[in-house]
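Taking it in order: structure first as C-alpha cells, then the write-up.
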2 protein chains.
Amino acid sequence: MKPRITDSTKNASNTKPKIADVAKVAGVSPTTVSRVLNNRGYIGEKTRTKVQQAMEQLNYFPNDIARSLFIQKTYLIGVIFPTTSNPFYGQLIFHLENIAASMGYKTLLCNSQGREDKEKNYLKMLQRNQVDGIIAGAHNRRMEEYDIPSLPVVGVDRYLSENTPVVSSDNYDGGTQATQLLVNKGCKHIIHINGPISLETPANLRRKAYEDTMRENDLTPHTYEVGLDDQEKIIEKLFDENPRVDGVFASDDIIASRVLREAKNRNIDIPSKLKVIGYDGTETTRLLLPELSTIQQPIKEIAEKTIEILIKQINGDNGDVQLETMLPVTLIESETT
Amino acid sequence: MKPRITDSTKNASNTKPKIADVAKVAGVSPTTVSRVLNNRGYIGEKTRTKVQQAMEQLNYFPNDIARSLFIQKTYLIGVIFPTTSNPFYGQLIFHLENIAASMGYKTLLCNSQGREDKEKNYLKMLQRNQVDGIIAGAHNRRMEEYDIPSLPVVGVDRYLSENTPVVSSDNYDGGTQATQLLVNKGCKHIIHINGPISLETPANLRRKAYEDTMRENDLTPHTYEVGLDDQEKIIEKLFDENPRVDGVFASDDIIASRVLREAKNRNIDIPSKLKVIGYDGTETTRLLLPELSTIQQPIKEIAEKTIEILIKQINGDNGDVQLETMLPVTLIESETT
DNA sequence: TTTCATATGTCAACCGGATGACATACAATT
DNA sequence: AATTGTATGTCATCCGGTTGACATATGAAA
C-alpha cells in the first residue's frame, strides 16, 4: 500500500522540495541525503530508510539539471531524422529511444524534415543542451557542422562528415538480392526507381547493385528518380515510356506501393505481368501491405549497433570504433514477385 | 563566408568555452557577454559585434543546463506514447515536436510500449529532468501519478486523471459517420471491431456511436474485440461465425487492413460483397493503402490544440483551459465501400 | 585499552550562467 | 554647469546538487 500524498504531508511552501527539505524531514544532514542518493560512503540501514521515506513523503525528485551541471554529463542524446511519421524512421527511432533508455540515456527528438536550416538549428540546440551524443540520419550532403570536437556523433545510413561512424544495412547486397530475384523470376525489362540522388548516402549502393546485377545478367539497367511530390507523375511516365516493363525494384516500400497502385489502374496483373519488389520491410508496411515483396532492413539491429558505437565513444573508447558498419538484410518474398 | 574553425582559433584547453572565455576574447566583462546573450540593459553596437565574433571564434554555445537551473525553466516537454513506430503516433509525435520546436520547446521522447511500469518510470524521469510540461497518450487506465501539482499535463485521446485536459478527435461523430456510410451503402450485417476495451478512453465512443447508429437503423450491433497479437485469429473467427457479414467498421486502419486481407483469402469481393471502413487515415495508410475508406483524424490539429493548451498552462493561464476538446473528423470514401 | 571500520555532521568550493546593486565614464541636453 | 541617458565594469548571490576535507561518535575487534 503506497502512501497517499495528502496536503498535510506536502511541504508548506508550494515549491519543489530540495535536498535540504528532505534532510530536514528525515532529520539528517543534506550531505547524508546526497550520500543515500548516490550510494556513496557509509550509510546506515535505518538512515537510508528514513531518507527514502522522507523523499516519498515530500514527493521529492532529485533535480537532474543541477546534477548534470556539476557532473558535466546529461545522459541526453539528440536524435535527428527527417520525420517520425515515416514508417522506417518511426520504427528506427522507436528502437533507438528504447535501447538508449535501457542504458540510462534520454532522447531529445528532432524532426528535421529534410531541411538543412532546421538541421543546423537542431545541432545548435543540442549543443546548448549539452547532449552527450548525437545520432543523425537527416540529410544527404556532408555538413561540416557535424565535425564537433569531443561530441560523439553516429550516422544512420548517412555520411555526416569525414570521421563520423555510419551504420546502415547492407544496401549493396539488398540491391543485388532484389534485382537478382526479379531476374530469376524471368523478368527482362526491370526498372529501378530511387529517391532523390545524393551520391553520398550508402542507400545509393542499392542502385549501384541493381546496375551491376543487370549487367551481369546481360540486361540494360534503367533508373527513374523520384522526388517527394512527383512520385505519381513519374511512375505514370515510367509506364507510359516502358510498356514492356515486367519488373520494378523500388528503393523503398512506399514507392513500390505506388507502382502497385498504378499497375492496378492500368489493369496490369501482378505478379503475372509485372513483378514488384520494395525496400525497407517495416512493421507497418508488413501489416498494411503484406503482399509486397521487399528487402527488409534489420532496423532493431541498426539501432542497437548505433547506440553501441555512440556510447562507446561517449565513454571514450575511441579505439575500436568502426567507421562503417553494415548489417545483413532479409529478402521477404511475398505475392508481388 | 563563414569563418572556418581552425585549431589556432580554438581555445587552448580542450574544454568547452564558457562566458568568461568569451569575455576574455572579446575584451569585455562576463556581465557584458551575458547582457548581449539576453539582450538586457544597454549594449553598444560595436560591443555586441565584438562579443558575437568572439562567440563564433570560440565556437561558444551557451550552457542551457546552467541557464535552466537559474531561471527555473527548461523549455523541455515530455512526450509519452506507446511507440513512434505506429503510423498514428508517429505522425502525431512528428507534429507535436514540430509545433513545440516552433515555440521554443524541446521534446523528450518516451515510448511506453503500453506498459504501465515503463510509463511510471518515464514520469519520474521527466520530473527529475524538470520538464515544463507533459503530453501523454500512453495508457488506458487513469493513473494518479499524473496528478502532479504544478506540472502541466495534457492527454491525447486518453483520460489521464480527474483534472487533466484531453484533446481528441470527435470519436462519436466518426463512429456515426462510418457506420452510417455502411448502412447507406446497403449493408445489413455490419460488424465492428475494436482494440482492447478500456472504458475510459474517448476512442470508445466510436463503438458507442456504432451501436447507437445500428439501433437507429433497426440493425443489431455486433462487436469483436482484438488484442495486440490475436488480430488475425479473431478476424478469421469473425468471418467463420458471420458468413453473411457485408460491412465491417474497424476501429483503426491496421485492423481494417487485416480484414481486407482475410476477405481476399476467402475470395470475398470488395466492395461488392463486403464493405470495409477503417479509422485514423494517417499519411502512411493513405500512401500504402489508398483504396481503404476511412475516418481521418485531424492529427495536426490535435497536435496544435494539445500544445496550445499545454503552453497555456505552463504560462499559468489556467483560467480558460478547456477540460475536453474534440476536433472534427473527415470521412474519406475510397474503394472499399 | 587501543584501534579501526562504520556512520554522520559541518563546511566550503564548484558546475555555468543570471541578475541586482552599485560605481564609473562619457556624451548629449537643458 | 548640472542633468540625464547610454554604456560598461565589479562584485556578490543564487539556482540545486556533488564532492572532498575534516571532525566526531559509536561499537566491535584486537
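The sequence lines fix the lettering, A, B, ..., with proteins before strands; numbering per chain opens at 1.
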Verdict with reasoning, B:Ile314 to B:Leu310, per side-chain contact (heavy atoms from CB on, under 4.5 Å): CA-CA 6 Å; B:Ile314 290 176; B:Leu310 187 73; 4.1 Å; yes
Derivation and outcome, side-chain contact (heavy atoms from CB on, under 4.5 Å), residues A:Val167 and A:Glu301: CA-CA 10 Å; A:Val167 178; A:Glu301 287 73 18; over 6 Å; no
Worked verdict on B:Thr107 versus B:Leu96 for side-chain contact (heavy atoms from CB on, under 4.5 Å): CA-CA 8 Å; B:Thr107 301; B:Leu96 286 174; over 6 Å; no
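Between B:Val28 and B:Gln72, the residue whose closest nucleotide on DNA chain D is further toward the 5' end is B:Val28.
Between the CD1 atom of A:Ile65 and the P atom of C:dG17 there is a distance of 14 Å, given to the nearest Å. Distance B:Lys24 NZ to C:dG17 P: 13 Å, rounded to the nearest Å. The interatomic distance linking B:Glu45 (CD) with D:dA7 (P) rounds to 9 Å, in whole Å. Rounded to a whole Å, the CG atom of B:Leu69 is 18 Å from the P atom of D:dT13. What separates NZ of B:Lys46 from C1' of C:dA27 is a distance of 11 Å, to the nearest Å. In this structure, the CZ atom of A:Arg48 is 12 Å from the C1' atom of C:dA7, given to the nearest Å.
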Using residues 66-83 of chain B as the side-chain source, report each donor-acceptor pair under 3.5 Å to any protein atom, sequence neighbours left out, with the distance given to one decimal.
| unit_1 | atom_1 | unit_2 | atom_2 | d |
| --- | --- | --- | --- | --- |
| B:Arg67 | NH2 | B:Asn38 | OD1 | 3.0 |
| B:Ser68 | OG | B:Asp64 | O | 2.7 |
| B:Ser68 | OG | B:Lys73 | O | 3.3 |
| B:Lys73 | NZ | B:Tyr105 | OH | 2.8 |
| B:Thr74 | OG1 | B:Leu76 | N | 3.2 |
| B:Thr74 | OG1 | B:Gln130 | O | 2.8 |
| B:Thr74 | OG1 | B:Asp132 | OD1 | 3.4 |
| B:Thr83 | OG1 | B:Ser85 | N | 2.8 |

Contact letters for nucleotides 17-30 of chain D, in which S counts primed atoms plus P, OP1 and OP2 and B counts the base, heavy atoms under 4.0 Å: BBBS----------
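A heavy-atom distance below 4.0 Å to DNA chain D is reached by none of the residues of residues 123-131 of chain B.
B:Glu308 pairs by the side chain to side chain contact (heavy atoms under 4.5 Å, CB included) definition with B:Lys305, B:Lys312, not counting sequence neighbours. With sequence neighbours left out, B:Gln313 forms a side chain to side chain contact (heavy atoms under 4.5 Å, CB included) with B:Pro152, B:Val154, B:Pro165, B:Ile309, B:Asn318, B:Val321.
Across B:Thr164, B:Leu123, B:Leu160, a single residue satisfies side chain to side chain contact (heavy atoms under 4.5 Å, CB included) together with B:Met143, and that is B:Leu123.
The stretch residues 36-63 of chain B participates, sequence neighbours left out, in no ring-ring contact (aromatic ring centres under 6.0 Å, His included) pair at all.
In this structure, A:Leu151 and A:Leu126 have side chains that are not in contact, with every pair of non-hydrogen atoms separated by 4.5 Å or more.
One finds a side-chain N or O of A:Tyr42 lying less than 4.0 angstrom from the OP1 or OP2 phosphate oxygen of C:dT6.
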